[in-house]
*Asks:* 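Below you will find the structure I want to go over with you.
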Number of protein chains: 2
Amino acid sequence: MHGELTGSDLKAPPAPPSRAADFVVSEIEAQILSGKLRDGSHLPAERDLMVEFGISRTVVREAIAALASRGLIESRPRFRPVVRKPGFDTALTAVGGMVAHLLSDPDGVKNLYDTRIFLEAALVRNAALHARKEDIAALRDALQANQEALTDSERFYATDVAFHAVFYGIPRNPVFPSLHKAFTTWLAPHWKRMPRSPERNRVNFLSHREICNAVVERDPDGAEKALNAHLNAAWEYVRGTFEPG
Amino acid sequence: MHGELTGSDLKAPPAPPSRAADFVVSEIEAQILSGKLRDGSHLPAERDLMVEFGISRTVVREAIAALASRGLIESRPRFRPVVRKPGFDTALTAVGGMVAHLLSDPDGVKNLYDTRIFLEAALVRNAALHARKEDIAALRDALQANQEALTDSERFYATDVAFHAVFYGIPRNPVFPSLHKAFTTWLAPHWKRMPRSPERNRVNFLSHREICNAVVERDPDGAEKALNAHLNAAWEYVRGTFEPG
DNA sequence: AGGCAGGTTTGGTCATACCAAACTTGTGGA
DNA sequence: TCCACAAGTTTGGTATGACCAAACCTGCCT
């Protein structure tokens, strides 16, 4: 049936590649890139693909599954698969399931959270140095919304997230908003179990205001310090959700 | 236009109907987490799984494929799948294929590279502030290796990567080395096409030395500035690999 | 004991069939 | 004319069963 993979392998140990569906995958991959399959359009029917590539439906389905898990196509149970040219955040979404397992280990949560702190510290520093007028305005708006939600823990959480999100938007690099989304999504389960109260909200709000003020005053060190204090304090509460101590 | 979907029968976004393989996936997922399937052990034969779950081999294979693409098991062509409890960098590896597509767009490369610069700037700053003696020593070693490879562009590249890697190790958070690996892997294709020469190597080495010195002198601003200059200069060369201008 | 040959597993692929849900189409009523 | 509903067709999901080739295992033979 199909040709051979002329043994030009790349690596000795894991090399003898005899894959068939992979060919289809890369083919469809290429078609998506070349635009033959445009974003949003849907994939041909499986039965059409099998004649187009001269393979069995088994392989077609396998290929589709692979593409789907790579985020290149979106395959709902009974519907026609939809072509999706992935963005940075769909990429991060795809790892989500795996990250969930990483987080079964408390160290995983800690490491991920520390990464977030590290990045966000750099972001507030960046904000203090480079924030534009609109950014400052957005920050103030977010802060006010945060304040107005002090007594509504549900809404406070949302405005809290929104406040932090502002910093991720300032560099004008789409990777950062995607990262923010990823962080909040991944850490949300633990966050949800964190005790909440108007008092806690108030503390957090004050931290936000402190950060905001430092940014407005163009004080990167102050902003960074405030953010670190803020997030490290939050950690003490989060860790209670899985470290009984 | 259409009336509306003021929801009667259709479940709008995601959650509707039927998937059979997903059950198997989550089941095996759970078994991996619970330790019933230990890391490194191999999965039961497909024909065994189909009786264990009372499903057809089709579904079993689909489930295995899904697990494999999520990085929970490692499935080589003709071999028994091996259970793998994923780590941060296997997670990032899994996205790799997708990222490759993001990079088909020059903006994607730019955004990713900018992200790297941003993170690495924060890392060198962190290094200047918190590097331990061992870290400084490692940095000096890496720098020296880098110098000794000046005339061998191949080896220079390796030592270059290794030098930068030191900074990712300083926070002692495994996420950062994984990120470094991911960055270098993803950007490598473009990097490979970048013109190289002993002169370029020398320029890069001098940048490295400058960064190293700033770190040794505990000068975060200087280190950050030097790194930004270094990487932004490199970008000018990299962009030539896809922007013919 | 060591090594090779043959039988047995096991993953990869194909072909076929059936079901149920989604899509399409055609007809009839307001 | 247009909407609504029902029958017919497509299409994805799953199940069987079969075959091949490579990997694995077993046991004989030197």
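Lettering of chains follows the sequences in order, A, B, ..., and the numbering in each one begins at 1. Excluded from the calculations below are hydrogen atoms, water molecules and symmetry mates; all remaining heavy atoms, backbone and side chain alike, are included. All values reported here derive from a predicted model rather than from experimental measurement.
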*Asks:* Whole Å only: how far is the NE2 atom of A/His42 from the C1' atom of C/dA22?
*Replies:* 12 Å
*Asks:* Between atom CZ in B/Phe53 and atom P in D/dT14, what is the gap in whole Å?
*Replies:*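 Taking CZ of B/Phe53 and P of D/dT14, I get 15 Å after rounding.
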*Asks:* Measure the CD-CD distance between A/Glu52 and A/Glu27 for me, rounded to the nearest 0.5 Å.
*Replies:*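 Interatomic distance, A/Glu52 CD to A/Glu27 CD, rounded to 0.5 Å: 8.0 Å.
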*Asks:* Under the side chain to side chain contact (heavy atoms under 4.5 Å, CB included) test, which residues partner A/Asp39, sequence neighbours left out?
*Replies:*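 Only A/Arg84, A/Lys85 meet the side chain to side chain contact (heavy atoms under 4.5 Å, CB included) criterion with A/Asp39.
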*Asks:* Which pairs pass side chain to side chain donor-acceptor pair (under 3.5 Å) with one or both residues in residues 181-195 of chain B, sequence neighbours excluded?
*Replies:*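 Residue pairs passing side chain to side chain donor-acceptor pair (under 3.5 Å), neighbours aside: B/Asp89-B/Lys181.
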*Asks:* Of the candidate nucleotides D/dG12, C/dG11, D/dA15, which contains the atom at the shortest distance from the side chain of B/Arg78?
*Replies:* C/dG11
*Asks:* Residues two or more places apart in sequence or in another chain: which of them pass salt bridge (Lys or Arg N to Asp or Glu O under 4.0 Å) with A/Glu46?
*Replies:*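 Per chain and number, A/Glu46 pairs via salt bridge (Lys or Arg N to Asp or Glu O under 4.0 Å) with A/Arg57, A/Arg61.
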*Asks:* Starting at atom CZ of A/Phe79, determine the distance to atom P of C/dA20, rounded to an integer number of angstrom.
*Replies:*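 Distance check: A/Phe79 CZ to C/dA20 P gives 17 Å.
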*Asks:* Rounded to the nearest angstrom, tell me the gap between atom CD in A/Glu74 and atom P in D/dG12.
*Replies:*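 One finds 15 Å between P of D/dG12 and CD of A/Glu74, rounded.
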*Asks:* OP1 or OP2 of D/dG13 less than 4.0 angstrom from a side-chain nitrogen or oxygen of B/Arg19, does that happen here?
*Replies:* no
*Asks:* Please give, in whole Å, the distance from C/dA22 P to A/Arg76 CZ?
*Replies:*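 For the pair A/Arg76 CZ and C/dA22 P, the rounded distance is 9 Å.
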*Asks:* Which residues pass the side-chain hydrogen bond (donor to acceptor under 3.5 Å, both in side chains) test with A/Thr90, sequence neighbours left out?
*Replies:* none
*Asks:* Considering only heavy atoms, which members of residues 57-73 of chain B lie under 4.0 Å from some atom of DNA chain C?
*Replies:* B/Arg57, B/Arg61
*Asks:* Does the side chain of B/Gln144 pick up a donor-acceptor pair with the side chain of B/Glu148 at under 3.5 Å?
*Replies:* yes
*Asks:* Provide, to the nearest angstrom, the distance between the CD atom belonging to A/Glu46 and the P atom belonging to D/dT14.
*Replies:* 11 Å
*Asks:* Rounded to whole Å, how long is the line connecting atom CE of B/Met50 with atom C1' of C/dT10?
*Replies:*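 For the pair B/Met50 CE and C/dT10 C1', the rounded distance is 13 Å.
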*Asks:* Quick one: side chain to side chain contact (heavy atoms under 4.5 Å, CB included) partners of A/Pro44, sequence neighbours excluded?
*Replies:* A/Leu37, A/Asp48, A/Leu49
*Asks:* Taking CG from B/Leu43 and P from C/dG11, how many angstroms apart are they, rounded to a whole number?
*Replies:*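 After rounding, the gap between these two atoms is 9 Å.
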*Asks:* As a test of reading the structure: which of C/dT13, C/dG12, D/dG12 is closest to the side chain of B/Arg47, going by heavy atoms?
*Replies:*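 So the nucleotide nearest the side chain must be C/dG12.
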